[in-house]
2 protein chains.
Amino acid sequence: MAPNRPTIKDVAALAGVSKSLVSLAMRGSDRVSAESRAAIIEAATQLGYRPNAAARSLADRRSHTLGVVVLDLLNPIYAEIIDGVQGEVRQHGYHTMLVTGNDNPVIEQGEVEKLLEFQVEGLVLIGHRMPAGSLDAIAGDCPAVVISRAERGIAGLDSISNDDVFGARIAVDHLVSLGHQSIAHVTGGINEVAMLRTLGYEQSMANHRLADQTACYDGAFTDEGGYRGAAAALDSGRGHTALFVANDIAAVGALAAVADRGLDVPADISIVGYDGMALAGLRSLSITTIAQPLARIGTEGASLLFLRIGDPTRPPAHIGVEPRLIIRNSSGPCRP
Amino acid sequence: MAPNRPTIKDVAALAGVSKSLVSLAMRGSDRVSAESRAAIIEAATQLGYRPNAAARSLADRRSHTLGVVVLDLLNPIYAEIIDGVQGEVRQHGYHTMLVTGNDNPVIEQGEVEKLLEFQVEGLVLIGHRMPAGSLDAIAGDCPAVVISRAERGIAGLDSISNDDVFGARIAVDHLVSLGHQSIAHVTGGINEVAMLRTLGYEQSMANHRLADQTACYDGAFTDEGGYRGAAAALDSGRGHTALFVANDIAAVGALAAVADRGLDVPADISIVGYDGMALAGLRSLSITTIAQPLARIGTEGASLLFLRIGDPTRPPAHIGVEPRLIIRNSSGPCRP
DNA sequence: CGAAAGTGTTGGAACGTTCCAACAAATCGT
DNA sequence: ACGATTTGTTGGAACGTTCCAACACTTTCG
């Protein structure tokens with residue numbers, strides 16, 4: 001390890017020019033003569049010079065960095081969204097600081113605070129758990145975008161999400177079109193997204209004049225939760241022939257509950273999940289699902305943020321993306 | 001958005017003290033009188049003061065930040081490792097910059113370069129794809145640790161990984177103890193980890209005097225690859241009764257190949273995977289696997305890095321962690 | 001041919017912190 | 001009662017960059 005990292009000054013000395021000129025050359029200005037440029041590059045590579053981002057960000061008061069806060073890395077759908085975000089960010093020549101909230105509002109707040117200290121120029125919140133108040137405060141301080149939840153009317157805050165109510169409706173529509181009537185719903189617990197999906201389920205059931213068949217069973221956005229909810233549905237004695245499960249991970253659990261009871265999917269029970277995580281498509285799962293365009297949500301979310309960075313006063317925008325049905329092997333016709 | 005972020009100077013002016021004192025107070029020094037401290041805190045909260053990390057890192061020449069480079073966020077095992085790393089890093093009061101290499105060596109290099117510009121104090125490389133040369137160069141520049149690959153004898157570079165050869169051996173041992181003899185191996189492609197697992201497979205087969213039964217089929221660390229390799233094994237006509245698949249994701253694919261041929265797991269074919277990703281334990285997959293202690297690998301890798309940051313000249317260390325067999329429903333006795 | 005308009009280049013002042021030597025005031029020990 | 005210590009506090013010099021006004025030299029052109 002060198003005793004001291006070389007600075008722009010060392011490069012200037014070695015190349016026999018002023019530090020200002022080195023600064024210009026490093027940033028590729030065209031006002032530098034060919035010879036100077038050559039000498040500078042030569043000196044820089046010889047010394048192993050690397051610009052100091054902290055100094056740079058202090059001097060020009062721009063960090064060229066965005067903060068990304070993700071609820072929880074373990075849910076694979078977030079990884080897919082992040083990939084989208086990162087791609088867009090790279091295109092704009094920005095850099096990313098990615099942190100997780102570990103599904104814990106306190107940690108999440110702390111991490112956001114840290115990011116702001118690093119002078120990030122914008123914040124991407126993927127599936128946050130923050131109270132409206134703090135969200136308000138953050139958006140007042142720094143351009144921000146919320147991904148996968150709809151936030152409306154908060155100044156300085158954009159959002160992008162799929163329409164969960166609509167998605168849940170087409171899930172039920174699909175099952176109805178296969179002839180199912182006794183369609184149960186395994187919920188995703190107490191959170192905004194889960195509730196919207198439940199709402200869509202109820203709406204669609206009512207639309208098809210199946211309101212009296214409506215049946216919700218408590219679940220969660222986990223394997224365990226899906227198993228539990230599905231088990232309750234199957235053991236209810238109400239003769240459900242199909243399950244709409246709140247998300248794909250839970251649908252995997254539901255699959256197991258069905259198998260445990262010696263029943264077959266889709267011959268005896270049809271299952272539809274939600275999210276469109278890559279995993280649900282794996283051959284041995286092959287779960288019919290309502291897919292969100294995850295990568296696109298990431299890229300469009302990021303570009304929404306860049307728009308706001310460009311004009312911080314623009315009115316808050318919300319983008320709704322359409323989820324779409326992907327039919328796989330977990331759903332089939334209702335046996336008469 | 002405030003026209004200008006308040007600085008330490010503004011706080012000092014409002015509190016009626018010097019900026020030096022504010023600096024001391026903000027860092028919780030005990031050489032500040034109670035009254036001054038109160039006045040400073042009052043002023044800081046009133047102004048909404050937030051320290052500028054760039055300035056701080058410039059002034060005291062420490063960024064309190066670590067860089068984490070992960071091969072690819074989409075493989076869930078990395079997410080589990082990262083969780084471990086983040087926990088440890090938080091404990092030390094450090095911050096994390098997480099970037100992905102998108103499974104692309106060029107991007108990976110670029111991201112590492114960026115992290116070094118940010119003056120990260122250490123680098124965690126999770127499953128990198130870099131040539132030995134660049135690794136060497138990086139380690140010479142900045143303390144670093146490699147996770148999930150064994151690197152030995154590179155100055156300034158520690159590593160932690162599970163013993164893939166040993167793990168593969170116990171996978172085969174398990175199958176042999178169930179009475180299997182014709183045990184095929186679906187490989188993980190051309191990379192160090194995959195080759196070590198293949199080596200362990202061959203060793204164990206030889207130990208059990210089954211060298212003549214050895215059969216490797218080309219696969220990859222993906223669903224697709226596992227399906228392909230397993231299909232080749234099953235269609236080979238060699239009557240394999242068990243498959244040792246290079247990792248869990250590929251094992252999921254293998255499961256499908258078996259099902260497609262109308263065979264049953266584990267009645268007709270036993271399958272053992274590798275990695276111990278949470279997903280493999282989901283009820284409807286329930287894959288027997290060789291589990292790595294993923295979170296522990298993360299935390300211990302991080303603490304290895306902190307040791308090196310504390311003493312950059314210590315000799316390179318490698319920690320080997322033991323993988324362990326988790327028996328689930330994808331493996332069973334060989335039918336006579 | 002002399003003023004105007006480029007072309008390269010430069011030193012110094014920011015940027016917002018931390019560190020350090022210096023100091024004033026209060027407390028101490030003898 | 002007086003130097004020595006302790007307790008708070010301070011201004012200024014770093015840290016490594018970017019920006020700006022100013023420069024010395026061409027070149028252009030009316």
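Being a predicted model, the structure only gives us computed values, none of them experimental. Within every chain, numbering begins at 1; the chains are lettered A, B, ... in the order of the sequence lines, protein sequences first and strands thereafter.
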Could you measure the distance from the CD atom of Gln86(A) to the CG atom of Leu66(A)? Nearest 0.5 Å is fine.
10.5 Å
Report yes if the side chains of Thr7(A) and Lys19(A) come closer than 4.5 Å at any heavy-atom pair, otherwise no.
no
Using a heavy-atom cut-off of 4.0 Å across all strands, would you classify Ser57(A) as base, sugar-phosphate, or nothing?
nothing
Base, sugar-phosphate, or nothing for Arg56(A), non-hydrogen atoms under 4.0 angstrom?
sugar-phosphate
If you look at every strand shown and take non-hydrogen atoms under 4.0 Å, does Lys9(B) touch a base, only sugar-phosphate, or nothing?
nothing
Between Arg27(A) and Ala59(B), which residue's closest nucleotide on DNA chain D lies nearer the 5′ terminus?
Ala59(B)
Return the value, rounded to whole Å, for the distance between atom CG of Asp30(A) and atom C1' of dG8(C).
11 Å
Flag for Ser159(B)-His318(B): side-chain donor and acceptor within less than 3.5 Å:
yes
Report the residue (Arg61(A) or Ser20(B)) whose heavy-atom-nearest nucleotide on DNA chain C is the more 5′ of the two.
Arg61(A)
Contacts of Lys19(A) and Gly16(B) projected onto DNA chain D by closest heavy atom; the upstream (5') one is Gly16(B)
Taking atom types as modelled and ignoring hydrogens, do the side chains of Glu121(B) and Thr65(B) form a donor-acceptor contact shorter than 3.5 angstrom?
no
Verify whether one side chain among Gln292(A) and Asp275(A) offers a donor that lies under 3.5 Å from an acceptor in the other.
yes
Positional range of nucleotides in DNA chain D within the contact set of chain A, heavy-atom, under 4.0 Å
dG16(D) to dC19(D)
Distance only, no hydrogens: is a donor on one side chain within 3.5 Å (strictly under) of an acceptor on the other, for Gln119(A) and Ser57(A)?
no
